[in-house]
Amino acid sequence: MDEIQLVLETAEESMKKALHHLEKELVKIRAGKANPALLESIKLEYYGVMSPLNSVANIMVPDARTITIQPWEKKMIPEIERAIMNAGLGLNPQNNGEMVIINIPPLTEERRKELVKQSRAEAEHARVGIRAARKEANDELKKLQNQGIAEDAIKDAEEKVQKLTNLYISKVDQMLEKKEADIMTV
C-alpha cells in the first residue's frame, strides 16, 4: 500500500506544480492595474551578477495606475529602465533622477480580449499538466497491479487520482474566472 500512497503523493505534487506555474503566469498578465508582481521576472546586471529587480530597488505602488522603483543606487536608474523595456511587458519607464516611474495605461477593449485569450491559454496549459500527472499516476498504478497488488486497491487509487484531477482542474477554472473578471473590469 505504500507504493500506492507514493503514486498518489507524486501525482498531487505534479498537479500542485502545474497550479503554481499557472499562478505565476497569470500574475504576469497585466489587468490594467499597477501590480509590483508585473516586474518579478525582470533581471538586470548588478555588479556583474544578474539580479532580480526587487533585490536592487524598492518597488512601490502609490496608486492604481503607477509603479515606482526606487533603486538603492542612483546609477542603476538607466539600467533599470533598459531592463524594463527589454522585458517585453509593453511598459514605458520614465525617471525623475531619483526613481523610475511606470504609468500603467488603461486597457482598450480589444487588448482586454487578447489578455483574456492569453489567460485561457495559460489555464489550458495547466489543465494539460494536471491531466498528464493523472495519466502518469494511472500508468504507475497499472505497473503496480502487474506486481501483484490487489485489483480493488488499484481501482480505489485510480478513483482517488481522478478526484485529485477534478479538484485541481476546478482550482484552475476558479483562478481563470478570477483573472478574467480582473481583466474585464474597467
Side-chain angles (χ1 to χ4, degrees), residues 4-44 50 52-55 59-61 63-67 69 83-93 102-142 154-186:
I4 290 176
Q5 194 58 38
L6 182 66
V7 169
L8 291 173
E9 288 171 5
T10 305
E12 186 168 16
E13 191 59 39
S14 295
M15 292 177 188
K16 278 181 185 172
K17 284 181 183 171
L19 202 63
H20 183 68
H21 179 73
L22 173 64
E23 209 172 302
K24 282 174 47 180
E25 292 304 312
L26 288 180
V27 162
K28 292 178 189 171
I29 298 173
R30 65 185 179 100
K33 295 180 194 83
N35 183 347
L38 280 173
L39 307 175
E40 275 181 2
S41 63
I42 297 177
K43 294 196 181 325
L44 55 127
M50 290 307 280
L53 180 58
N54 62 4
S55 71
I59 302 171
M60 295 166 289
V61 181
D63 62 58
R65 296 242 179 258
T66 312
I67 298 175
I69 303 156
I84 292 168
M85 294 210 302
N86 294 339
L89 296 171
L91 301 173
N92 295 317
I102 301 172
N103 290 311
I104 307 292
L107 296 172
T108 63
E109 188 65 26
E110 186 179 313
R111 182 69 180 135
R112 287 178 193 281
K113 288 177 181 170
E114 282 176 32
L115 293 174
V116 165
K117 199 181 288 185
Q118 189 180 344
S119 299
R120 287 181 180 160
E122 290 299 339
E124 188 53 36
H125 287 302
R127 287 189 202 102
V128 167
I130 290 168
R131 289 188 203 113
R134 175 186 61 193
K135 182 182 179 339
E136 216 172 273
N138 286 337
D139 290 348
E140 286 298 314
L141 291 170
K142 281 183 179 53
I154 300 296
K155 287 281 181 224
D156 288 347
E158 285 175 348
E159 286 175 18
K160 286 178 183 171
V161 168
Q162 187 57 47
K163 282 180 183 167
L164 274 176
T165 304
N166 295 344
L167 173 73
Y168 279 92
I169 286 188
S170 74
K171 286 182 180 184
V172 166
D173 293 341
Q174 290 168 2
M175 288 171 70
L176 176 63
E177 205 174 291
K178 186 177 172 200
K179 186 65 178 183
E180 282 181 0
D182 197 24
I183 291 170
M184 294 312 281
T185 15
V186 180

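Taking each heavy atom of V172 and I130 in turn, the nearest pair found is CG2-CD1, 3.7 Å. Contact detail for V61 and P36: the closest heavy-atom pair is CG2-CD, 3.3 Å. In terms of heavy atoms, A137 sits closest to A11 at CB-CB, 3.7 Å.
Atoms CD and CG, from E122 and L22 in turn, are 7.0 Å apart once rounded to the nearest 0.5 Å. Rounded to the nearest 0.5 Å, atoms CZ (R127) and CG (D173) are 4.5 Å apart. D139 CG to R134 CZ: the interatomic distance, rounded to the nearest 0.5 Å, is 11.0 Å. If you take CG on L176 and CD1 on I183, they are separated by 8.5 Å, rounding to the nearest 0.5 Å. Note: D182 CG to E177 CD = 12.5 Å, rounded to the nearest 0.5 Å. Rounded to the nearest 0.5 angstrom, L8 CG and L141 CG are separated by 6.5 Å.
Under a 4.0 Å N-O distance rule, the pair E114/R111 qualifies as a salt bridge.
L39 places a side-chain heavy atom less than 4.5 Å from the side chain of L91. Put simply, the side chain of R131 does not reach to within 4.5 Å of the side chain of K135, judged on heavy atoms. Side chains of E159 and Q162 form no contact here, defined as non-hydrogen atoms less than 4.5 Å apart. With contacts defined as side-chain heavy-atom distances shorter than 4.5 Å, the pair E40/P52 does not qualify. Looking at I169 and M15, their side chains never come closer than 4.5 Å, going by heavy atoms from C-beta outward. Using a 4.5 Å cut-off on side-chain heavy atoms (C-beta onward), K16 and E12 make contact. You'll find the side chain of K163 stays beyond 4.5 Å of the side chain of K160, heavy atoms only. L6 has its side chain out of reach of E140: every pair of non-hydrogen atoms, C-beta onward, lies at least 4.5 Å apart.
Evaluated for a side-chain contact (heavy atoms from CB on, under 4.5 Å) with I102, the options I59, I84, N92 yield exactly one hit, I84. Looking at Q118, K178, H21, M175 one by one, the single match for side-chain contact (heavy atoms from CB on, under 4.5 Å) with L26 turns out to be M175.
More than 12 heavy atoms of other shown residues, nucleotides or ligands fall within 6.0 angstrom of atom CD in E25. Within a 6.0 Å radius of CE in M85, other residues, nucleotides and ligands contribute 12 heavy atoms or fewer.
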Test log, rule salt bridge (charged side-chain N to carboxylate O under 4.0 Å, His left out), inputs E110 and K113: CA-CA 5 Å; E110 186 179 313; K113 288 177 181 170; over 6 Å; no

Verdict with supporting geometry, V116 and R120, side chain to side chain contact (heavy atoms under 4.5 Å, CB included): CA-CA 6 Å; V116 165; R120 287 181 180 160; 3.7 Å; yes

Side chain to side chain contact (heavy atoms under 4.5 Å, CB included) between E13 and E9, worked out: CA-CA 6 Å; E13 191 59 39; E9 288 171 5; over 6 Å; no

Full working for side chain to side chain contact (heavy atoms under 4.5 Å, CB included) between E23 and K179: CA-CA 10 Å; E23 209 172 302; K179 186 65 178 183; over 6 Å; no

